[in-house]
Amino acid sequence: MEVEDEASSSASRLADVADHSSSPIRSSAVYKFKQQNLPGWKPALTPSCVITIFLLLGVVFIPIGLICLRASQNIVEIRYRYDSDCIPEPYKVDKIGYIKDSSISKKCIRKIKVHGNMKAPIFIYYELDNYYQNHRRYVKSRNDKQLLHGLNQTNTHSCSPLQSSNGIPIVPCGLIAWSLFNDTFDFKKGHKEEHLRINRRNISWRSDRERKFGKDVYPFNFQNGSLIGGASLDPNLPLSEQEDLIVWMRTSALPKFRKLYGVITEDLGANTIISIQISNNYNTYSFGGTKSIILTTPSWLGRSKNNFLGFAYLLTGFSSVLLAIFFALIHVKNPRPHGDPTYQALNRKSSSS
């Protein structure tokens, strides 16, 4: 009698387990995913499959690399370094003394030749090298809330050491704004030296103008201290319209960077002579930095000539083709019989179930 009771109880438990295992919760995809019971697929990489994959990679990547190289080569770019050329000969030995002496004119005129047809829009950049905008103390020396709310933001300790001057708050505060780039450029073309039309509006990010810089925040007590850093700001323009400042405040991650200065809105033909009047005001001589001006045309690949992407695709494509050829020669010379895929653990499990 006891044996019959034990058998009936074990049978009932098995039935409960079977019902529980067949419940909708255990059969759901979420439960199987959590228990890692979803069906899987483990491909058997045969030699022919591997060779085909490498060949397809080569066939796809090589044309993409050629297209990227062609797009990069079609960009017409002119780069001219002016920090050394704009120093008068008597001051070559004392560049720091020259740049700090406000009584000496910093104007210089340089002529460059356009070596290819440049279609508008033509972007003007200034490029600085050996300038570490990513220095921790420099990057932290700003106050984003003050840029948006002005003098209403009184806690500006993050702007140290330039949060105030003579006890009066500075707007905008911090080292980044204080060191604003202040070289200026004026462009003329041809022998008649006709002025080029340059658009200096909308050179900054729209999101920065609308969300990071206040439309009712004006410069206050800026560059009024004993130590002048860079450019001054128009006190009658709100920060949201001071686009040179907005561009400069977006700091660079690398010591060599370029920032947008303006856009030339007319075409320039090949062999056109451009006369650039430069105001060489910004001090990069104290730390061994360099300054350059760049004129470049855009393409779907970007606004600067850079062959890296094209060469990367070509290298990957040619490497894939060479590997495919190498594997094919090995497979022809030393063929190996394929294993039976039914002996794979995945197939054995599915067949047993």
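What you are looking at is a predicted structure, and each value in this text was computed from that prediction instead of being measured.
- Legend: salt bridge (Lys or Arg N to Asp or Glu O under 4.0 Å) pairs involving residues 68-78, not counting sequence neighbours, sorted by first then second residue: Glu77-Arg258.
- Contacts classified as salt bridge (Lys or Arg N to Asp or Glu O under 4.0 Å) and involving residues 138-149 (residues at least two apart or in different chains) are given here: Arg142-Asp144.
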Test log, rule side chain to side chain donor-acceptor pair (under 3.5 Å), inputs Arg303 and Thr296: CA-CA 7 Å; Arg303 296 178 183 175; Thr296 181; over 6 Å; no

Checking Gln223 against Ser232 for the side chain to side chain donor-acceptor pair (under 3.5 Å) test, could you report, in this order, the C-alpha distance in whole Å, the side-chain angles of both residues, the deciding distance, and whether it holds? CA-CA 6 Å; Gln223 301 288 21; Ser232 299; 5.6 Å; no

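- A search for side-chain contact (heavy atoms from CB on, under 4.5 Å) contacts involving Leu55 returns Ile51, Ala324, not counting sequence neighbours.
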Please set out all donor-acceptor pairs under 3.5 angstrom arising from side-chain atoms of residues 182-193, sequence neighbours excluded.
| from | atom 1 | to | atom 2 | distance (Å) |
| --- | --- | --- | --- | --- |
| Asn182 | OD1 | Tyr282 | N | 3.4 |
| Asp183 | OD1 | Asn281 | N | 2.7 |
| Asp183 | OD1 | Tyr282 | N | 2.6 |
| Asp183 | OD2 | Tyr82 | OH | 2.7 |
| Asp183 | OD2 | Lys291 | NZ | 2.9 |
| Thr184 | OG1 | Ser279 | OG | 3.0 |
| Lys189 | NZ | Glu266 | OE1 | 2.8 |
| Glu193 | OE2 | Lys111 | NZ | 3.4 |

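- Asp244 is listed as a side-chain neighbour of Arg200, based on a closest heavy-atom distance under 4.5 Å.
- For Tyr126, the ring-ring contact (aromatic ring centres under 6.0 Å, His included) partners are Phe181, not counting sequence neighbours.
- Shown here are the side-chain contact (heavy atoms from CB on, under 4.5 Å) partners of Leu315, two or more places apart in sequence or in another chain: Ser319.
- Each salt bridge (Lys or Arg N to Asp or Glu O under 4.0 Å) pair with one or both residues in residues 49-68, not counting sequence neighbours, would appear here, but there are none.
- Considering only residues two or more places apart in sequence or on other chains, Arg250 meets the salt bridge (Lys or Arg N to Asp or Glu O under 4.0 Å) condition with Asp208.
- Gln73 meets the side-chain hydrogen bond (donor to acceptor under 3.5 Å, both in side chains) test with Asn307; sequence neighbours excluded.
- Leu314 and Val321 end up in the same hydrophobic cluster when Ile, Leu, Val, Met, Phe, Trp and Tyr side chains are linked at under 4.5 Å.
- Ring to ring, Phe327 and Phe54 are close: their centroids are under 6.0 angstrom apart.
- By the 4.5 Å heavy-atom criterion applied to side chains, Ile293 and Ile124 are counted as neighbours.
- Leu180 is listed as a side-chain neighbour of Leu233, based on a closest heavy-atom distance under 4.5 Å.
- At most 12 heavy atoms of other shown residues, nucleotides or ligands fall within 6.0 angstrom of atom NE2 in His135.
- Pairs of residues two or more places apart, or lying in two chains, never qualify as disulfide (SG to SG under 2.5 Å) while including a residue from residues 28-85.
- Residues that satisfy the side-chain contact (heavy atoms from CB on, under 4.5 Å) test with Asp267, not counting sequence neighbours, are Lys119, Ala120.
- No side-chain heavy atom of Thr154 sits less than 4.5 Å from a side-chain heavy atom of Gln146.
- Sorted by first then second residue, the salt bridge (Lys or Arg N to Asp or Glu O under 4.0 Å) pairs that include residues 78-105, not counting sequence neighbours, are Arg79-Glu127, Arg81-Asp83.
- Shown here is Phe308, whose CZ atom has no more than 12 heavy atoms of other residues, nucleotides or ligands within 6.0 Å.
- Tyr131 has its ring centre less than 6.0 Å from the ring centre of Trp248.
- Counting heavy atoms from C-beta on, the side chains of Leu239 and Leu245 come closer than 4.5 Å.
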Start with the C-alpha gap between Tyr132 and Tyr138, add the side-chain angles, then the distance that decides, and say whether ring-ring contact (aromatic ring centres under 6.0 Å, His included) holds. CA-CA 9 Å; Tyr132 290 84; Tyr138 184 88; over 10 Å; no

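- Side-chain contact between Ile104 and Tyr91 is present, with heavy atoms from C-beta onward closer than 4.5 Å.
- Taken to the nearest 0.5 Å, the CG atom of Leu151 stands 6.0 Å off from the CZ atom of Phe220.
- At least one donor-acceptor pair closer than 3.5 Å links the side chain of Ser141 to the backbone N or O of Ser160.
- Surrounding CG of Asn155 are more than 12 heavy atoms belonging to other residues, nucleotides or ligands, all under 6.0 Å away.
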